[in-house]
Structure formats: structure tokens, C-alpha cells
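Within every chain, numbering begins at 1; the chains are lettered A, B, ... in the order of the sequence lines, protein sequences first and strands thereafter.
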Amino acid sequence: MSTPDAPLLVAEGLSKRYGQRIGCADVSLGIHEGEVVAVVGESGSGKSTLLGLLSTQLLPDAGNVRYRMRSGDERNLFALGEAERRFLLRTDWGFVHQDARLGLRMGVSAGGNVGERLMAVGWRHYGRIRAEAENWLERVEIARERIDDCPSAFSGGMRQRLQIAKNMVTRPRLIFMDEPTGGLDVSVQARLLDLIRSFVGDYGLAAVIVTHDLAVARLLSHRIIVMRHGRVIETGLTDQVLDDPREPYTQLLVASVLQV
Amino acid sequence: MSDAAHYNFAYLDEQTKRMIRRALLKAVAIPGYQVPFASREMPMPYGWGTGGVQVTASVLGPDDILKVIDQGADDTTNAVSIRKFFERTAGIATTTHTRDATVIQTRHRIPEAPLKEGQILVYQVPIPEPLRFLEPRETETRRQHALEDYGLMHVKLYEDIARHGHIATTYAYPVKVDDRYIMDPSPTPKFDNPKMDMCPALQLFGAGREKRIYALPPYTKVVSLDFEDHPFERTKFDRGCELCGAEGIYLDEVVTDDRGGCMYVCSDTDYCEGRRAAPHAAAPPIREARR
Amino acid sequence: MYVAVKGGEAAIAAAHALLDKERRGEPAIPELTTDQIREQLALAVDRVMCEGSLYDRDLAALAIKQARGDLIEAIFLVRAYRSTLPRFGYATPIDTGSMTIRRRISATFKDLPGGQVLGPTFDYTHRLLDDRRHGAAPVVQPLRKAVEDDAAVPHVSDLLGEQGLIEPNPRAVNDEAVGDLTRDPLSFPADRDLRLQSLSRGDEGLLLALGYSTQRGYGRTHPFAGEIRMGPVEVHFVPEELGFEVSLGTILVTECEMVNQFKGSAESPPQFTRGYGLTFGHCERKAMSMALVDRALRARELGEEVVAPAQDEEFVLSHTDNVQATGFVEHLKLPHYVDFQAELQLVRQMRCEWEAANRKEAAE
């Protein structure tokens, strides 16, 4: 058992290669409960590989990830059985994809999408499942009347909000987001970012957000990790790193944003 | 080669029967689990009962009495054809009476008369995988069964209710077996599902094309999936059989003219004939089953 | 009128009698013999043997006659017969390198050891209907040429292999037994031995369409017909009692080796890759299609992205068998009235509910 102020998730020496190419090299980090960490870098910097490894979608060549389960036990994630891993993924964790089609069942109604996790953990009362789905749709600002519509009929912004509702319904403690605002209009982005920010605050969520958009990182994250060529080159409190970057590469990233 | 005498008892060679019996034993040991088996080409087409025929061939002995039904009836063409096949290749006795049969091969129905201990009911199964139309990949559905990862099945039922106000599945209605595996009861109407629960007879399922065998040992718990507030409901007919007067049984709608005329008669022909031959001696119709 | 559904047994017997009559056709026309089919419809016989997985020209000819020329039905007859045959052992692998060449062509080299041998082929014929085929046309005797005793006909892939330009043929791991599709159910992911078996007895039409689709961009493999060879090969068997190899006779086979786009990595230099096709009899189109699909199905093994139907192992292997496919499609002819009754009742109920809801809405 560990103390509550110990990190929720600890990664040590994570490495992953794709043939000759380095996906991610010797990355270590810790995430505390309620803490939002942004991983930034250009495409090909290894941030998506890191997210895949942390969320057990990919297997590392070296290193491990430990996680403090709801029971309080600390477990090596790569030693979990497949059943345990899937259970963790659909209860204590969430995953918001840039492409909503990866996170939603496009031919299943919004209510069915949100209800799936509840049914998977044993809910068997239609009325209660539906009420809970309505409740979460409302919290992500999707009208109750849309509960029986399929996400294929939703706008891009609504799909992302539905993904969040689908994840939140089991009250996860940790949520992974891969470019959650990518490809959305600026005004839609702003509304989604507000929503994510309020959820993180209200529910004490920890989150790992992969983004190439430094503005998203500044708005949402407490801490920032800058990656390049598969390695972490700078890390620190978000405001500090963005206001006073030490590494020349980070300076370049920050400068290129300011010029726009 | 058309002479049946050239073939082994019940067509299949003994090695093949042993292989199928091993699969059957495994299936009985893990109720509801789909056991892969090396299905053979049979002299009838895939989809026409090759799985059921192979299972029947493997469990038949010379003293068995076989009944074959399709859609509940003994005289439907495919039932006749399969019954003939075993008469020719195994030379065994056949019957149309449910109570006299030791082995009953069926497509799409369970007889109305209660089955008893010692009887074997063999189902012909087209698609054994209850998750198939939710997830087409065998590799994924096998994993879902292994991990008891059945959320998707309930999503389907949820969608039915959201769309139609009730579960809009009338046949091949999925069941949970012995609190573990989700199983496809074969395309029997859901009316027959309650008969599978705690049935005294051994129930064997053979899918030839898909190469799977599964089983329900006698007295196995079989529960039709549902929601607490939308419980499983057996199909009800608001009338009885117009030939024998039986109620609470499954009816066929027979179109009698081209002006919308029709009559309703028992789907189970043996049950209907038995009642008409001896109206007072016939077993009382099974009323709405209680769960 | 209810008796109309009765009497299935008599109806079946009558239908089969009618079938016999139709099979015979006009009685004034001489009846076809199975010898004629075996000799003159040899390619149909080859296809039935190949997809029926049973090398017996006479049985295949009989099946074609019995099936009235419906080849899938004939394949089915042969397969059903095949399941009753006891299995007494497995032959040793045939050596197509020692084939007595009847046809051998390569599209990758203009000339090569052993030469290009056109053999009996439709290639370069003009597809013009020929009146002379109506009757008994005299057959021009083909030219004969003596085979040189030491005429080696090496596989094109071996010529490339000597220079390391093509990946070596995969070797069985530690003499691991080759799987048998007809004795063990296929499970996924399937190894290449089972994949090739499945393709070799798979439906020619499906393989042709899938192979074609890879050429049109759905899973491109950049194929070259490295070599197609056809001819008899000897089959050997080692009876346990004897402990040495005996010859069982010869079978006619067609083999196609595709040479496909190369791959390379830091560990291994760029090399061509292989696709393989083998059929009983002279089934050239099938052998070529099989080689295309085999190569497409190796996508996962070779680290290629799986994006097209021909690369999707579960999809391809689950649907290649035409006996399975035809059975399941045609089973829709069987009565389904019990299930249909249940659906009928549901539709009626749902229509009532819909009408009630509409009436209520109109009233409000």
C-alpha cells in the first residue's frame, strides 16, 4: 500500500522501437491524482507512442508502468491479465481519441454508447442506465432529445463531448487524450477545452493530454513534457516552461507559436 | 457407391465419430462453450443440417429410435431427407412420436411435449456465435467469451428497447448458460427458450459449416438475456390451434387463399396429431412458463 | 388444403425422378459417357479434382455427369465421398523440380535453363467460335521433340535464390508436422501451411476476383509471374511397415511462383518476396490467382499494412470454400416459417404501436 500523495501512475525507463526507428527512448514520469500533464512535440516526436505505452495499448521493449488501483494496490500494468487490463480500461480509465470513430460505436445511439460501460460492469436496469446516460449527456451539453441519435449524425464537437461522457460514466480517475481538439473549429475547440477543464477540476481527474498545440497545453495542463526524437528534452510546470523555456528546441516551439 | 451397404454405420467412419464424441464430451464439460471440431463434408449441403447430422451420427447406436423435425414438423422435406439418410446408413428405427424417441434431431423448434431424462435433443446450428453480428471477427469474439466481456451484447438489447420500446429479437434469442457463457440457442423462436432451462434431456448443438459443437447437459441453468425492467417475454398467441384446439403452444400461420384468409395450427405436428387422436389423453398444453 | 404441406416424402421422390429425366436430356441424343467427360472435358475434371481435394479423374468425371455439368455440385459430390475414405497416411512432399514438364513459362526472363515450353494452352489462340468443333474434326498431330536426358529445369526462384535476390523458401520449424485442414478445424491466425491448403481447395472464382483486386490497388503486391509449370509428378509414400519410400504413381499438377515486390531492413538486404500457388490438374488461372492471394495474405508477416480484403486472412479463409458457401446460401431455400412467424408477429405488433402513437399525436 502506498500513501495517497504517492503518484497514481509511475513510468520508468519506457522504450519502444519500430525496427530501426526509435518510437520512445528511456522515458520516466509520474502522474498524481488530479494532475494534468501535457505531452507536446512535433509529429514523429514520440508523444503518441508514449501515450500508447502508458495506456497499455502498446508493449514496451524496456521499462514498466506501475499504477495504483482503486483498491490501493500498486500493480505493474504489463503484468496484468487481459481481463484485468480490459476492466481497468473501461472503469478506472478513459481514452479520448482525436478520431471519434475510434472511441465511439458510430452505429449505436448516444445512449447506448454511454451505457455500454455501465452494462459491461453489470448494470441490468434499462431505466437506470438510460437515466444515467441522460445525466451525462446533459453534463457534456448534449440535449437529452439526442439520446437515441447515432454519433454519425453528430457534429465533430458533439462527438468529442460524447466520447467524454462515455468515458466519465464510470467515474475514471485517469483519462488519456490524443489531440482531443484536433481538426475542430476554433470556437468549437474553445467550448470543448472549457468543458474538459471544468471536468478535470470538478471530478479531480488526472489526465495525460498529447497535443501539438501549445495553447491547449497552457490552458489545460499543470505540467508539461516536451519530446523530440523519442526523448523527453524538457519538463516542468507548464507556465514556467512556456514562459521561460530552457532548451533551444522548446524555445523554437514557443517562438513559432507566438509568431502566428 | 450409392449403395448404403458400402458405408460405415451411420455414414461416418469410427475415427471421425470418436473425434466428434471427444468434442461432445468437452462441450458437455463446459456448458455453452463452443468447441471447434474437424467437421466433415457430408452428403447434404452445409447449412442443411450437416452439424446436427454429424452429432447424431456420432451418438446413435443400433438400438436408438430417431425422430427428425424441421420447423417442428416431421414431414417437412429436409426432415424427411435426414430421417431417410439415417434409415439407409444406420438401419435404425425412426419415429415421429416425441415420447418414443431416444434421439431427436431438430431445426428451429423444441417439441411441445416435455423431454425426459435419457433423451438427446440435437440442434442444427447455422451460426453458433451469438456475438457474430456485433463483431464479425472470430479472434475477437473468442477473446470476448474467454474474458466474459459481454457488454456489447447488452448494448444490442439496449438499442432494441431504445428504438422499439422492447427487445426486438424473436428467434435466436441469446441466453446465458450456467451463469458463464453467452450462447446462441440456434434459430429457435424465443418461445422455446424457457424449455432449454433445467431440461432433463441432454441438448447437443452442431454447426457443420462453422465447425463448432456446444452442449447443455441435463438440468443446466439457461437464462434468456434481458433487463430487470424489460424482462424476457415469451411469444404469446391470442388463439389456439384450429385443428386440435391446443393453447399456449407455438402456431404456424397457414395462408389459405389470396384474400388474406389464413388459419393457425400447431407447429409441432406430432403434438397436434396426438391430441386429435386422443383429445383427452394428450398432455395439457404448457401455459406461460414462470421464471 | 392444409394437407398441402404434407407428403414431403413422395414429393422428394418425384422431384428426384424428374431430375434423372432432365439429366438424361433428349433420349434420341446419345448419352454422354464418363470416359468422354474425362478425356474431352479434362479441364472441368481438373477443377473438380482440385476443389474437391481428391485426385481421381474417373470419379470427377462421374460427378460432373451426375451434377449435370454444375461444377460446384460435382465438387460437393466428390468432397462428400472423400469424407468416407479412411486416412491411412500422408505422402511425402512432391518435388515439382523433378516434374516431367508439359508446360513451363516464365515472364521474368526471356530465356532460361530448361527453356520456355508453351505446352497445351489457350494463350495466343484467337477466341473465335469454330464451326469445325460441331462435328468430328481431324486432329493435327502436334510436333514432337525428344527430351534431352540431362535437361534440368530449375525453378526460376532457385535461380534468383542462388544470388540471394529472393527470400528463401520458409522451412518447416523443427520438422513441425504440416497441418491438415480436413482433420483439424481452421483457427486464426492460421499458419501458411493451412492457408495454402485452404486456397488450393478454395473457389476459383473467389480467388480470381481477390487476386484481381490486388492488381487493381486493393493490397498491391507488384507481382511478376516468375514461373508457371505444369506436368506430372511422382507421389511417394513411406508405409510404416516397410520403412522405405514407394512410388504410388503420378499426378498432374500446376504450380505458380510469383515474384513480388521486395522488402528489406537493416538486418536483411532488399529481396524479392514470394507468392505460391499449386493445384491438382491443369488449373492455371487458379494457380496464378492463388499465388497472388497467398502473397497478399502474407502482409502481416511481412509488416505491411492490412487494408484490403485480399490481405484479410479471416475474411479470405472464411469464405473461400465454395461447398460451404453454396450450402449456406442455398439453405435459404429451406423452410424458415417458424422464425418468420415470430418476425411477422413482431412486425404486426410494432405497426399497431406505431399507429397508436400516430393517432395519439394527431389527437393532441
Side-chain angles (χ1 to χ4, degrees), chain A residues 56-57 80-95 102-134 136-137 142 144-153 162 165-167 169-170, chain B residues 30 32-33 130-169 173-183 190 193 221-233 291:
Chain A
T56 72
Q57 322 262 342
L80 289 183
E82 180 65 9
E84 281 181 301
R85 193 183 72 90
R86 285 192 179 203
F87 187 76
L88 181 71
L89 250 60
R90 66 180 178 226
T91 53
D92 210 22
W93 285 8
F95 204 113
L102 297 175
L104 297 173
R105 297 189 185 280
M106 300 305 280
V108 166
S109 70
N113 265 295
V114 178
E116 179 172 356
R117 279 182 164 222
L118 297 174
M119 292 183 260
V121 297
W123 285 43
R124 290 293 178 266
H125 190 285
Y126 175 82
R128 280 201 281 276
I129 293 164
R130 197 170 168 83
E132 190 70 3
E134 276 178 350
W136 279 102
L137 289 180
I142 295 176
R144 278 166 183 265
E145 302 87 76
R146 302 299 303 269
I147 189 166
D148 292 332
D149 293 345
C150 290
S152 48
L162 181 59
K166 183 182 172 110
N167 282 307
V169 70
T170 51
Chain B
I30 318 170
Y33 170 74
L131 305 165
R132 177 60 68 242
F133 298 108
L134 304 169
E135 169 56 61
R137 292 193 174 272
E138 183 71 24
T139 36
E140 180 57 23
T141 53
R142 284 186 81 78
R143 195 174 299 136
Q144 286 171 348
H145 283 295
L147 300 172
E148 220 176 331
D149 189 353
Y150 290 138
L152 195 53
M153 192 83 227
H154 267 92
V155 170
K156 199 256 167 208
L157 301 179
Y158 171 96
E159 290 291 287
D160 268 5
I161 302 175
R163 211 157 287 164
H164 307 296
H166 42 76
I167 295 171
T169 302
Y173 189 107
V175 294
K176 190 151 201 178
V177 174
D178 199 24
D179 297 321
R180 176 59 180 85
Y181 285 97
I182 286 189
M183 185 189 94
K190 69 175 182 176
N193 275 18
K221 184 175 165 195
V222 177
V223 179
S224 302
L225 297 184
D226 61 4
F227 288 102
E228 289 156 22
D229 49 342
H230 284 265
F232 171 81
E233 268 182 47
R291 296 180 64 221

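The two residues Arg163(B) and Gly107(A) have their closest heavy-atom pair at NH2-O, 4.3 Å. Residues Tyr126(A) and Asp229(B) share a closest heavy-atom pair of N-OD1, 2.7 Å. Shortest non-hydrogen contact noted between Glu159(B) and Ser109(A) is OE2-OG, 2.5 Å. Closest non-hydrogen pair, Ala162(B) versus Asp148(A), comes out as CB-OD1, 3.5 Å. Residues Arg124(A) and Asp226(B) come closest through the heavy atom pair CD-O, 4.2 Å.
Heavy atoms of His154(B) lying under 4.5 Å from chain A belong to its backbone as well as its side chain.
At a threshold of 4.5 Å between non-hydrogen side-chain atoms, the residues Met119(A) and Leu157(B) do not count as touching.
Of the listed residues (Arg117(A), Arg105(A), Arg128(A)), the one with the most heavy-atom contacts under 4.5 Å to chain B is Arg105(A).
Residues of residues 130-142 of chain B lying under 4.5 angstrom from chain A, judged on non-hydrogen atoms, are Glu140(B) by number.
Scored by the side-chain hydrogen bond (donor to acceptor under 3.5 Å, both in side chains) test, Trp123(A) finds no partners at all (sequence neighbours excluded).
Atom NZ of Lys221(B) has 12 or fewer neighbouring heavy atoms from other residues, nucleotides or ligands inside a 6.0 Å radius. In this structure, Tyr181(B) places its OH atom where more than 12 heavy-atom neighbours from other residues, nucleotides or ligands lie under 6.0 Å away.
A salt bridge links Arg90(A) with Asp149(B): the closest approach of a Lys/Arg side-chain nitrogen to an acidic carboxylate oxygen falls below 4.0 angstrom.
Results of the side-chain contact (heavy atoms from CB on, under 4.5 Å) test with Tyr158(B) over Val108(A), Leu118(A), Ile129(A) single out Ile129(A) as the only residue that passes.
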